[in-house]
Structure formats: C-alpha cells, structure tokens
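We number each residue from 1, following the sequence as shown.
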Amino acid sequence: YTVKTVPEDATPEQVVETYITAIKEKNYPLYLACIDPARTKANKGVSLCMYHWEWHQHRFATFYCQVKVGKAKVRVIKGFDSGSKLEDAFLTAEDKAKLKKVSGPLIEEAHLTTKAFNEKGMQYGSPKPRFLRRTDKGRWYIINYPQPF
C-alpha cells in the first residue's frame with residue numbers, strides 16, 4: 001500500500017485523499033480509519049461500512065478512475081474557538097477561559113467537494129459534498145462515508 005495510516009495532524013483534504021487511496025488500493029482497515037469511529041461501533045454500523053465499501057469498489061471499477069478533492073471550509077459547530085477572529089478580539093484571557101469552560105468541547109466541521117472523472121477525463125456526475133468532523137483539535141474523520149464520488 002502507498003498509504004498505511006492517517007496522520008493525526010492530517011488536514012480534511014488529506015483525510016479524504018487517504019480515504020480515496022484506501023478504496024482504490026482495496027485497503028479496508030485504512031478505509032475504516034478514515035470514518036468516524038462512532039459510525040462503526042455497533043454491528044449494524046460495521047455492516048453498513050462493509051456495504052458501502054463494496055459499492056465504492058464497484059464504482060471505482062466501473063464508473064470513474066480519478067477523484068479530485070476541493071478546498072475545505074471549516075466552521076465551529078459547538079464550543080469556543082479562541083482564534084484571532086473579530087468576535088474574540090476584545091475579550092481578555094480571563095473571559096476566553098470562562099467561555100471555553102462553559103461552552104464545552106470544541107467541535108469543528110469541515111465541508112469540501114469531490115469531483116470524479118472517468119477514463120476519458122470527463123467529469124462523472126456533479127461535485128459531491130464531503131463532511132468531516134473533529135473534537136477538541138483532534139483528528140478529522142469523515143462522517144458521510146456512504147456518499148458516492
């Protein structure tokens with residue numbers, strides 16, 4: 001395999017590229033490593049992952065051969081992000097600490113699109129959305145893995 005693991009500091013684009021590589025190279029453990037672990041906890045979740053794995057294998061074998069990954073847009077969906085934004089420019093360090101304590105864990109979501117191409121270089125279908133999520137600046141995970149490319 002050309003890729004064996006997903007780095008802890010991987011960007012959303014790198015996680016999706018690793019996911020695509022895992023499907024192309026038929027690396028099921030790497031495919032699972034890219035998916036949100038909450039989606040694979042129960043037996044039903046594991047079965048669904050295998051079902052969509054088979055569909056992705058079929059699509060790469062019959063419909064498309066290359067996938068391009070777009071630029072991710074990241075937004076905070078829960079918690080307090082103490083970045084250099086206008087919202088917290090006037091807050092003191094004490095205020096930021098209070099907000100972080102009250103708001104709970106930081107949950108971020110990334111949105112990007114993928115475009116699939118067939119062997120003739122023609123785009124197959126329309127660009128498809130990909131959603132990734134991470135908690136407390138941890139690793140990014142794909143949350144909509146069933147979406148075709």
Find the distance between CD1 (Ile23) and OG1 (Thr18) and round it off to the nearest 0.5 Å. 11.0 Å
Kindly indicate whether the side chain of Thr40, heavy atoms from C-beta on, has any atom under 4.5 Å from the side chain of Leu48. no
Here the pair of heavy atoms bringing Ala22 nearest to Trp53 is O-CH2, 3.7 Å
Are side-chain heavy atoms of Phe149 and Phe60 found at a separation under 4.5 Å? yes
How far does CG of Asn27 sit from OH of Tyr19, to the nearest 0.5 angstrom? 13.0 Å
Can you check whether Val3 reaches Leu30 side chain to side chain, under 4.5 Å on heavy atoms? yes
Check the surroundings of atom CD in Glu54: do more than 12 heavy atoms from other residues, nucleotides or ligands lie under 6.0 Å from it? yes
Are more than 12 heavy atoms, taken from residues, nucleotides or ligands other than Lys115, located less than 6.0 Å from that residue's NZ atom? no
Return the CD to CG distance between Glu13 and Leu112, rounded to the nearest 0.5 Å. 6.0 Å
So, His58 versus Trp55, ring centres under 6.0 angstrom or not? yes
Positive for side chain to side chain contact (heavy atoms under 4.5 Å, CB included) with Val69, one of Ile20, Thr113, Val15: Ile20
Between the main-chain N or O of Gly125 and the side-chain N or O of Gln123, is there a donor-acceptor pair closer than 3.5 Å? yes
Atom pair CD (Gln14) and OG1 (Thr21), whose distance is rounded to the nearest 0.5 Å: 11.0 Å
Lys/Arg N to Asp/Glu carboxylate O, Glu109 vs Arg134, below 4.0 Å: no
Under 3.5 Å: donor-acceptor pair, side chain of Glu25, backbone of Thr2: yes
Are Lys26 and Gln57 close enough, and set up right, to give a side-chain contact (heavy atoms from CB on, under 4.5 Å), and what steps lead you there? CA-CA 8 Å; Lys26 298 173 178 39; Gln57 292 298 311; 3.2 Å; yes
Is it the case that over 12 heavy atoms from other parts of the model lie below 6.0 angstrom from the OH atom of Tyr28? yes
Would Lys68 and Phe117 count as a cation-pi pair here, with the cationic atom under 6.0 angstrom from the ring centre and within 45° of the axis? yes
Is there a side-chain contact between Tyr141 and Thr135 in this structure, where contact means two heavy atoms from C-beta onward sitting under 4.5 Å apart? no
Answer yes or no for Arg130 and Tyr145: cation-pi contact, defined as NZ/CZ to six-membered ring centre under 6.0 Å and angle to ring axis within 45°. no
Could you check whether any side-chain heavy atom of Ile142 comes within less than 4.5 Å of a side-chain heavy atom of Arg39, counting everything from C-beta outward? no
Only one of Lys137, Lys73, Arg139 passes salt bridge (Lys or Arg N to Asp or Glu O under 4.0 Å) with Glu108; say which it is. Lys137
Under 4.5 Å between any side-chain heavy atoms of Phe131 and His111, yes or no? yes
Side-chain (Asn118) to main-chain (Lys120) donor-acceptor, under 3.5 angstrom: yes
May I ask you to decide if Leu106's main-chain N or O and Asp136's side chain share a donor-acceptor pair within less than 3.5 Å? yes
Should we count CG of Asn43 as having more than 12 external heavy atoms under 6.0 Å? no
Going from SG on Cys49 to CD1 on Ile35, what distance comes out if it is rounded to the nearest 0.5 angstrom? 4.0 Å
Do Tyr31 and His52 pair up side chain to side chain, a donor and an acceptor below 3.5 Å, judged on atom types alone? no
